[in-house]
Amino acid sequence: MARSAIVLGAGMVGVSVALHLRRRGWEVALVDRRPPGEGASFGNAGLIQREAVHPHPFPRRLGELARIARNRGVDAVYHPSALPGLASPLLRYWWHSEPGRYEAVARAYARLIVTCLDEHMAIAREAGSADLLRPIGWMRLFSTEAQVDAARREAELARRDHGVGYRMLDGAALAEAEPHLMVRRAGALHWTDPYSVSDPHALTTSYARLFEAQGGWFAAGDAATLERAGAGWRVRTAEGPVEAAHAVVALGAAAGEVTRHFGYAPPLFGKRGYHLHYGLRGNAVLNHPLIDEVSGFCLVPMRAGIRLTTGAEFARPGASETPIQIGRAEPIARTLLPLAERVEDRPWMGVRPCTPDMLPVIGRIPGQEGLWGAFGHAHQGLTLGPTTGRLLAEMMGGDTPFVDPASYRAERFA
Ligand SMILES: Cc1cc2nc3c(=O)[nH]c(=O)nc-3n(C[C@H](O)[C@H](O)[C@H](O)COP(=O)(O)OP(=O)(O)OC[C@H]3O[C@@H](n4cnc5c(N)ncnc54)[C@H](O)[C@@H]3O)c2cc1C
């Protein structure tokens, strides 16, 4: 019983935690109300972002804030009705994004990010899904030489400080790398390290299958039924009540809904995002995922087609879907690539689980013996799932953690 755990939430983060615990000999039940990998981990842009050593800050330039406030952009939109509820976490997000504070945040973030490729590959090889991790990186496209120069300076710092790999392409080299791109750009920054996952859902489910093959157990259940059972924890599942000495909350954007019943209410907020797939006309191909800087959305070649993923939408939790960013992005995307018809009738939506200081929560939930958190991975939860899984499993087992966990402790929001 002492080395037993219920892991709540079977997204990339929860599955990875469950797998790492199981490998260390724990009895583990992974519980989700849906099959594994069907939350945000399903529909993201599929990038294992070794380059993302700087998390997404809150914009601080007045011009940019004014542009977002007009609510007509592609990269960020908001429901006005959501603003009162978001005011406090967004103000804190803005505060943490002040350059001096942000530098410390980015250092803590980079300590996790630099491990992501190795941690994924170690699991994917064993899970038989390494072929989903395509080592092709991704590209940012720029319209002006000034943007290209700024990107080069930024990339050079990332290489110097964090060993991030990149190459710069001029307009001609970009046209050669992406022969079916229909616009001419001044150049591109190609982050060369990231893996591009051809099917993020298949990746998560392959890790879940490995967990089960190694003796782990998946059960359908609602995390809201979590309760104390003596010194341990109990949750109700379709197969009856499950008890364990420890419980891990890995519920992505819904994590706070459960932890607040146990006295811990982190200031989590969601950045919603959408995707839709398209065919390509004729024998056109897209060789790399790309973001065209002027457009603010991502185009990724995937198994299902060209996946267009949108930036951030701020809405009240549970508000109905409003995929206006897809509507704004699609005509622009059609000027970039010879896109054919939509693959699906309606867009998919998921929620990036965000914290005001841009760092995930990985560690003990204060005041509750045996309760742990692994959530708040925002824009890089697919990237950081295996890293978080290993780190938390080491902490729960009393081993020396492979990354210093101090910056991710839950107490900072207590
Ligand atoms: C458009 C978009 C693009 C993105 N692109 C990338 C990218 O390229 N790279 C990257 O690294 N990240 C990306 N992200 C972010 C990434 O998808 C998330 O950070 C990540 O999926 C979070 O994983 P998670 O396991 O914490 O949460 P989730 O995958 O959301 O899993 C949470 C699980 O909890 C379950 N759950 C919730 N409530 C309950 C309950 N009451 N009872 C039982 N189960 C419950 C859900 O069913 C779900 O399975 C993107 C996100 C979006 C939206």
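In each ligand, atom 1 is the first atom listed, and ligand 1 is the first ligand listed.
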Engineer: Contact between H275 and ligand 1, counting heavy atoms under 4.0 Å?
Structural biologist: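 Under 4.0 Å: no for H275.
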Engineer: Heavy-atom contact check, 4.0 Å cutoff: does G221 meet ligand 1?
Structural biologist: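 Right, G221 reaches ligand 1.
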Engineer: Between A378 and ligand 1, which part of the residue brings a heavy atom under 4.0 Å of the ligand: side chain, backbone, both or neither?
Structural biologist: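 For A378, only backbone atoms sit under 4.0 Å from ligand 1.
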Engineer: Which atoms of ligand 1 are found less than 4.0 Å from any heavy atom of Q49?
Structural biologist: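 Once the distances to Q49 are compared, the set is 7 (C), 9 (N).
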Engineer: Using distance alone, determine whether G350 and ligand 1 share an N or O pair under 3.5 Å.
Structural biologist: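 Between G350 and ligand 1 (N or O atoms, distance only) the closest approach is not under 3.5 Å.
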Engineer: Quick one: sort the W138 and W191 rings into parallel, tilted or perpendicular, breaks at 30° and 60°.
Structural biologist: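 Tilted.
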Engineer: Looking at M12, which atoms of ligand 1 are within less than 4.0 Å of one of its heavy atoms?
Structural biologist: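 So the atoms of ligand 1 that pass are 25 (O).
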Engineer: Could you give the distance from CZ (R125) to CG (L210), rounded to the nearest 0.5 Å?
Structural biologist: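 If we round to the nearest 0.5 Å, R125:CZ and L210:CG are 14.0 Å apart.
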Engineer: Does the N or O separation between G381 and ligand 1 drop below 3.5 Å for any pair?
Structural biologist: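 For ligand 1, there is an N or O atom that lies under 3.5 Å from one belonging to G381.
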Engineer: What part of R33 sits under 4.0 Å from ligand 1 if we count only heavy atoms: the side chain, the backbone, both or neither?
Structural biologist: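 R33 to ligand 1: contacts from backbone and side chain alike.
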Engineer: Quick check: A40 and ligand 1, any N/O pair under 3.5 Å apart?
Structural biologist: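 Between A40 and ligand 1 (N or O atoms, distance only) the closest approach is under 3.5 Å.
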Engineer: Ligand 1 and E38, any nitrogen or oxygen pair closer than 3.5 angstrom?
Structural biologist: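 Looking only at distances, the answer is no, because the N/O contact criterion of under 3.5 Å is not met.
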Engineer: Parallel, tilted or perpendicular: which fits the ring planes of Y102 and H54, with parallel below 30° and perpendicular above 60°?
Structural biologist: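 Plane angle under 30°, so parallel.
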Engineer: Y207 and H120: side-chain hydrogen bond (donor to acceptor under 3.5 Å, both in side chains), yes or no, with the steps?
Structural biologist: CA-CA 10 Å; Y207 293 6; H120 263 286; 2.8 Å; yes
Engineer: Please list, in number order, the atoms of ligand 1 under 4.0 Å from a heavy atom of G39.
Structural biologist: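 Checking each atom against G39, I get 29 (O), 30 (O), 49 (O).
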Engineer: Evaluate H79 against T322 for side-chain hydrogen bond (donor to acceptor under 3.5 Å, both in side chains), listing each step before the verdict.
Structural biologist: CA-CA 9 Å; H79 292 186; T322 49; 2.8 Å; yes
Engineer: If we set the cut-off at 4.0 Å for heavy atoms, which region of A254 has an atom near ligand 1: side chain, backbone, both, or neither?
Structural biologist: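 Side chain only.
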Engineer: Just to be sure I'm reading this right: ignoring hydrogens, which of D222, D32, T204 gets closest to atom 35 (C) of ligand 1? Compare them by their nearest heavy atoms.
Structural biologist: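 Looking at heavy atoms only, the winner is D32.
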Engineer: Closer than 4.0 Å to some heavy atom of L47 - which atoms of ligand 1 meet that?
Structural biologist: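 Listed by number with element: 7 (C), 8 (O), 9 (N), 10 (C), 11 (O).
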Engineer: Distance under 4.0 Å to a non-hydrogen atom of R34: what atoms of ligand 1 satisfy this?
Structural biologist: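 Here the atoms of ligand 1 in question are 47 (O).
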Engineer: Between G385, A45, G311, which one has a non-hydrogen atom sitting closest to atom 3 (C) of ligand 1?
Structural biologist: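 Answer by nearest heavy atom: A45.
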Engineer: Does A374 reach ligand 1 with a nitrogen or oxygen that is under 3.5 Å from one of the ligand's nitrogen or oxygen atoms?
Structural biologist: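 No - when backbone and side-chain N and O of A374 are compared with those of ligand 1, no distance drops under 3.5 Å.
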Engineer: Which of the numbered atoms in ligand 1 are under 4.0 angstrom from any heavy atom belonging to H379?
Structural biologist: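 Listed by number with element: 6 (C), 9 (N), 10 (C), 11 (O), 12 (N), 13 (C), 14 (N), 15 (C).
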Engineer: Under 4.0 Å from any heavy atom of T383, which atoms of ligand 1 are there?
Structural biologist: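 Reading through ligand 1 atom by atom, the close ones are 9 (N), 10 (C), 11 (O).
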